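Everything on this sheet refers to the single structure shown next.
On a predicted model such as this, the values are computed, not experimentally measured, just so you know. Just so it is clear: chains get the letters A, B, ... in the order the sequence lines come, proteins before strands, and each one is counted from 1. Computed over heavy atoms, backbone and side chain alike; hydrogens, waters and symmetry mates excluded.
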Number of protein chains: 2
Amino acid sequence: MIKQSIKLSVDAVVFGYEEGKISVLLIKRKYEPFKDKWAIPGGFVLNDESLEEAVERELQEETGVKINYLEQLYTFGEPSRDPRGRVVSIAYFGLVRPNTFKIFASTDASEVQWFTIDELPELSFDHQEILEMSIKRLQGKITYEPIGFELLDKKFPFSDLEKLYTTLLGREIDRRNFRKKILGLNVLDELDEKVSKGSGRPANLFQFNQKRYFQLKKEGIIFEI
Amino acid sequence: MIKQSIKLSVDAVVFGYEEGKISVLLIKRKYEPFKDKWAIPGGFVLNDESLEEAVERELQEETGVKINYLEQLYTFGEPSRDPRGRVVSIAYFGLVRPNTFKIFASTDASEVQWFTIDELPELSFDHQEILEMSIKRLQGKITYEPIGFELLDKKFPFSDLEKLYTTLLGREIDRRNFRKKILGLNVLDELDEKVSKGSGRPANLFQFNQKRYFQLKKEGIIFEI
DNA sequence: GTATTATTGCGTAATAATTACGCATATGAT
DNA sequence: ATCATATGCGTAATTATTACGCAATAATAC
């Protein structure tokens, strides 16, 4: 039997949402190959850590990000995808609230930066493909799983949620029907707090009730936009 | 940097459909660990083959199966999942038409057998978990992608398709509404052939038109049951 | 050969879900 | 006070889903 010499890495596409824009966290590579090019954060898996642990460790090391939601995306294994040799990479996608921490570059990264998804730089390896798949997955997923809340502040006005969905889905949504639908799902708690931004009627704040969501899911009631 | 010593394998959950039953192809392991226990077919990835090539090679070697549809399922990487050491496995799920070839056991398998999914034996490693995830994926997927046809003969009476869906989804479907819906999707060609099985009015044969499906998909028209 | 049974195939009505849209309400700005 | 702006509630029109009746065409029983 031929000895297997395949290396295993993890990569993470991390999405954030601020000021009506979806952004992705990228690092500038400090070393070859693709030195000084932008890439998705990631790195090799250690012998005794799980894949999720590897992702969270690498993200912490390279960017300082604390992940809020993490999900396995796909495993990329084309023999030619890394010039150093055979590297199979398990890609994840994650959601964070950018305003809850400060990003910084270290270890393999010389820079860390948020890029809005319509202004992306050229990427290393097959990271362009990974990123495109992530965006599609995110767009698909928010219509049948309540993961959008992971991108918003814990307490948010309804208009923030609506803005997020119009941005992510890339189309207009009727505000009144959207409100009816979401509130009808019964996964939001209406708080006794109001917030006013600029002119206009002040908005009530809402909060996602995860416990209630799991309860409904167990009863077979599905979340769908 | 610590040298990485992780092995990479692929596993494939292969589904077949015959006589109104969904079956999974399992092998009996010839060697330790889990010698003489049932398992999902699979094995280690070679240095210079793609992951899909590895799956198809292992299936051919161990079982003689020629796969009809193959899709990546999930990557399982818990450090403790294999008693031999760290083995990360990329699981696939596949669909075949069992009546188009003969299965046989060889290399790592002492036996190969179809098991209906409600009469499964005890499985090796974390293969139980992999299989459960596969079944869920299959059930979910047939409602929004026309992959069910990969399990049927190329030419089939409508009742076969209906039977497949009731079996997979585990619930009754109104024959007349189902027919309207599927035919309305415009992805089936009605042939000028009829088939009669036992008594009753002979049924027209249909054939899935993949070209037409891709065309409709490109136009944004979605398949959904 | 005729009646019976089984299965296919086409239609229409009742119900539910989605979409479109009018307008009152509450605040900041002038 | 008046206007501009954004929130929040309702109802009607449209579309999709579900329920179900029944004719058509064969094998089978007698």
Checklist entry - Parallel, tilted or perpendicular: which fits the ring planes of Phe149(A) and Phe223(A), with parallel below 30° and perpendicular above 60°? => result perpendicular
Checklist entry - With a 3.5 Å cut-off and just heavy-atom distances, do the side chain of Lys163(B) and the base of dT7(C) make a donor-acceptor pair? => result no
Item to check | Separation of dT19(C) C1' from Arg171(A) CZ (nearest whole Å) | outcome: 12 Å
Checklist entry - Rounded to whole angstrom units, what separation is found between the CD atom of Glu162(A) and the C1' atom of dG8(D)? => result 12 Å
Next on the checklist: For Glu150(B) and Tyr17(B), which I'm curious about, is there any donor-acceptor pair between the side chains at under 3.5 Å?
Outcome noted: no
Checklist entry - Starting at the 5' end of DNA chain C and moving along, which residue's nearest nucleotide shows up first, Lys194(A) or Asp174(A)? => result Asp174(A)
Item to check | Presence of Ser159(A) side-chain N/O under 4.0 Å of dT7(D) phosphate oxygens OP1/OP2 | outcome: yes
Next on the checklist: I want to confirm an ordering. Mapping Glu190(A) and Gly198(B) to their closest nucleotides on DNA chain D, which one lands closer to the 5' end?
Outcome noted: Glu190(A)
Checklist entry - dT7(D) C1' sits how many Å from Leu205(A) CG, rounded? => result 13 Å
Checklist entry - Does a sphere of radius 6.0 Å around CD in Glu122(A) hold more than 12 heavy atoms from other residues, nucleotides or ligands, not counting ones at 6.0 Å or beyond? => result no
Item to check | Ion pair check, Asp153(B) and Lys155(B), cut-off under 4.0 Å | outcome: no
Item to check | Spacing of Phe158(A) atom CZ relative to dG8(D) atom P, expressed in whole Å | outcome: 9 Å
Checklist entry - So, does the side chain of Arg179(A) form a donor-acceptor pair with the base of dG10(D) at under 3.5 Å? => result no
Item to check | Ring geometry between Tyr74(B) and Phe76(B) (parallel below 30°, tilted from 30 to 60°, perpendicular above 60°) | outcome: perpendicular
Checklist outcome for this item: Considering only heavy side-chain atoms of Ser196(A), the closest of dC21(C), dT27(C), dT18(C) is dT27(C)
Checklist outcome for this item: Taken to the nearest whole Å, CD1/Ile173(A) to P/dT18(C) is 14 Å
Item to check | Residue met sooner reading DNA chain D from 5', once Lys197(A) and Asn177(A) are mapped to nucleotides | outcome: Lys197(A)
Checklist entry - Between dG10(D) atom C1' and Leu183(A) atom CG, what is the distance in whole Å? => result 14 Å
Item to check | dC10(C) OP1/OP2 closer than 4.0 Å to side-chain N/O of Lys180(B) | outcome: no
Checklist outcome for this item: Of the candidates dG10(D), dT17(D), dT8(C), the side chain of Arg176(A) sits closest to dG10(D)
Checklist outcome for this item: Glu224(B) CD to dT18(D) P, in whole Å, measures 11 Å
Item to check | Side-chain-base donor-acceptor pair under 3.5 Å for Arg201(A) and dG8(D) | outcome: no
Item to check | Spacing between Leu161(B) atom CG and dG9(C) atom P, to the nearest angstrom | outcome: 12 Å
